[in-house]
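All values below come from the heavy atoms of this structure, side chains included, with hydrogens, waters and symmetry mates left out. Throughout, protein chains are lettered first and strands after them, A, B, ... in sequence-line order, and every chain is numbered starting at 1.
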Amino acid sequence: MDAKRRNRRGFLKSGAALAGLAAGGSKLAKGQTQGTPAKKIDELIAYGERSRFVTSIRVPVAERHSPDEFGLTFHVLTPLQDSSGIITPSSLFYTATHRGAFVPDIDPKEHRLMIHGMVDRPLVFTLDELKRLPYVSRIHFIECLGNRARPTHKTVQETHGLTSCAEWTGVPLPLLLKEAGVQSGASWIVAEGAEEVKGDSSIPLAKALDDCVVVYAMNGEPLRPQQGFPLRLMVPGFEGIYQIKYLRRIKVVDRYYMTYDDYGHINPDPKVAALTHIIGPKSVITFPSGGQQLSGPGFYEISGLAWSGSGAIRRVELSTDGGRNWKDAELRSPALPMAHTRFGYHWNWDGKECVLMSRCTDELGTVQPTRAEVAKYWNQPLDQNFRVPGADNSVQPWKITSNGSVQNGLA
Amino acid sequence: MALPRLSLSAAVLVMCQTAWTQSPTYGLGRSPSSEEIRKWDIAISPTGKELPEGQGTAKEGELLYRSKGCAGCHGATGSGMHAPTLISRKDVKPNPAAFCLAPCVNDANSMSLHSPFATTLWDYINRGMPLGKEGSLTPNEVYALTAFLLYKNDVIKEDEVMDKQSLPKVKMPNRDGFGLPPAWKHGEPRLQGYP
């Protein structure tokens with residue numbers, strides 16, 4: 001078997017070398033395939049690569065330089081303007097490190113998950129043991145609470161790039177908690193990561209027993225290190241900091257623990273606190289979006305994403321006149337609970353200045369608000385400085401100028 | 001996608017109604033020793049029930065703040081350096097109730113002012129600091145450093161001894177100034193009537 005494999009590799013290598021020879025020396029016409037070096041061919045056989053003409057990349061948030069003085073990459077934005085469908089490729093998934101964490105280099109053979117606290121049977125699992133258990137694969141978004149459009153932002157990557165969506169595979173947390181036997185009187189869990197600062201969050205036990213998953217795979221392969229390799233807790237619909245990476249411990253407890261991660265969420269106003277943990281119904285147009293250029297009047301298919309932390313998206317509406325009139329957009333992907341949902345809308349641009357907006361409604365019937373509606377709710381004046389309390393799920397306007405350039409409507 | 005999700009939550013409902021303390025189904029995973037659990041269990045409750053024996057004062061903490069390298073990242077005065085402010089500046093008006101997001105400190109707001117429980121400070125210094133040498137501090141040192149930061153933020157007096165009894169009882173400035181996240185329930189909106 002080994003010898004056979006070596007032979008095959010040898011064959012491929014010499015084949016590639018021949019191809020390289022043939023290509024070498026002669027000038028290639030534009031668009032013609034270039035000879036690829038043998039080593040590169042081996043690499044491409046082992047692990048595929050996108051076309052060199054596809055250049056879409058993540059960028060760090062402008063507000064905090066990455067890497068910072070401590071070598072930390074803080075918040076890195078996904079290029080939503082180039083996205084199609086609902087799955088974010090793992091390489092382009094947004095990242096936000098646990099506060100103060102470098103990305104740890106964890107040997108999965110050494111990694112353990114401990115479940116203890118108010119349980120009858122504290123348990124320690126190896127990764128192999130977890131993988132022997134019944135599993136689920138689910139598509140969910142993760143969004144950072146810091147995903148907040150500002151007037152200074154130019155592109156949808158800047159205004160909305162701290163959300164991404166993937167397929168996650170792992171063991172349902174209710175199954176693991178049942179194995180351990182949760183005791184009566186328990187009301188919260190504290191989930192903790194294995195990185196330097198061992199970031200931990202308090203999570204309602206009711207949520208843990210509902211739809212949380214201890215995840216080991218993402219988009220069909222093991223989790224990426226930036227996404228918590230080898231284990232991560234998925235808390236669908238809750239903001240990013242709850243999705244504990246490098247998960248090493250779940251402690252079942254009887255109160256909110258006010259951890260380092262928790263204390264950043266607290267607010268004297270319980271109404272603001274209520275809006276700080278779960279992502280509200282939210283949508284954004286990804287094409288045409290800020291920084292893009294329309295080539296002239298005519299037909300365009302408007303495309304965008306909608307999602308909600310409280311369930312599936314039921315409806316997306318679109319306005320091409322700055323919110324005066326709304327028409328239904330079409331859902332172009334499955335509308336899954338707590339998942340990005342793709343919408344589309346046929347649009348004939350007449351070449352005049354206009355403002356595009358989208359708004360969505362989730363399965364609870366909650367409608368994504370405009371900034372004006374939010375300001376009215378809090379009885380605050382609506383100006384550029386108005387800050388949506390809690391998670392900002394307000395409607396994003398894109399202004400199309402008469403020359404076809406697309407600008408942030410908040411500016 | 002939708003079907004397995006539904007059937008799972010249905011299963012959970014059934015499990016909730018029957019006893020949770022039934023015997024395990026799969027028999028995987030091993031039982032850790034209580035010593036092993038104690039070593040892993042660094043999460044400190046606001047009641048302080050997990051706090052270890054030991055004690056420390058602000059005076060001891062002041063020396064450690066320099067010798068353990070805290071000053072190098074957080075600044076000799078506890079502010080103005082790359083790492084977050086640990087000692088709020090007196091010349092900036094503190095606003096401990098201000099809404100903030102992680103990391104929520106600024107020159108006028110530090111963990112000592114914003115967290116409603118002193119245990120948050122002890123827990124984080126113990127689990128995460130000094131960055132790069134986490135877990136190297138003894139319980140006495142963590143008590144002393146916590147006392148030092150609380151004293152410098154005018155939360156406790158200089159001679160107050162911090163230990164597992166006194167630390168959870170410290171009256172933090174923001175003790176009454178916070179709302180807990182609401183009880184979560186499947187199928188309920190984040191906030192009734194919003195917007």
K.L.:
Between Ser31(B) and Arg121(A), is there a side-chain heavy-atom distance shorter than 4.5 Å?
P.N.:
no
K.L.:
Sort Asp176(B) into side chain, backbone, both or neither according to what part of it lies under 4.5 angstrom from a heavy atom of chain A.
P.N.:
neither
K.L.:
Under 4.5 Å heavy-atom distance to chain A, tell me which part of Lys49(B) shows up: side chain, backbone, both or neither.
P.N.:
side chain
K.L.:
Pair Arg127(B), Glu196(A) - check salt bridge (Lys or Arg N to Asp or Glu O under 4.0 Å), show working.
P.N.:
CA-CA 8 Å; Arg127(B) 74 172 55 227; Glu196(A) 282 85 344; over 6 Å; no
K.L.:
Any non-hydrogen side-chain atom of Thr259(A) less than 4.5 Å from a side-chain atom of Tyr124(B)?
P.N.:
no
K.L.:
Answer yes or no: is there a side-chain heavy-atom contact under 4.5 Å between Leu123(A) and Arg30(B)?
P.N.:
no
K.L.:
Counting only non-hydrogen atoms closer than 4.5 Å, does Ala391(A) touch chain B with its backbone (N, CA, C, O), its side chain (CB onward), both, or neither?
P.N.:
both
K.L.:
Sort by residue number and list every member of residues 138-168 of chain B having a non-hydrogen atom under 4.5 Å from chain A.
P.N.:
none
K.L.:
Just how far is it from atom CZ of Arg190(B) to atom CG of Leu275(A), taken to the nearest 0.5 Å?
P.N.:
4.5 Å
K.L.:
Chain A: which of Met129(B), Lys185(B), Glu134(B) shares the most heavy-atom pairs with it under 4.5 Å?
P.N.:
Glu134(B)
K.L.:
For the pair Glu373(A) and Tyr194(B), evaluate side chain to side chain donor-acceptor pair (under 3.5 Å) and give the outcome as yes or no after the intermediate values.
P.N.:
CA-CA 10 Å; Glu373(A) 285 162 344; Tyr194(B) 174 85; over 6 Å; no
K.L.:
Do the non-hydrogen side-chain atoms of Ile42(B) and Glu192(A) ever get within less than 4.5 Å of each other?
P.N.:
yes
K.L.:
Just wondering, do Ser115(B) and Met258(A) contact through their side chains at under 4.5 Å, heavy atoms?
P.N.:
yes
K.L.:
Taking the side chain as everything from C-beta on, heavy atoms only, tell me whether Arg112(A) gets closer than 4.5 Å to Trp40(B).
P.N.:
yes
K.L.:
Going by heavy atoms in the side chains, are Trp184(B) and Phe238(A) under 4.5 Å from each other?
P.N.:
yes
K.L.:
I need the residue from Pro204(A), Gly117(A), Gly280(A) with the largest number of non-hydrogen atom pairs under 4.5 Å to chain B.
P.N.:
Gly280(A)
K.L.:
Indicate the atoms forming the closest heavy-atom contact of Tyr257(A) with Pro46(B), along with that distance.
P.N.:
O-CD, 3.7 Å
K.L.:
Minimum heavy-atom separation for Arg249(A) to Ala43(B), with atom names?
P.N.:
NH2-N, 3.2 Å
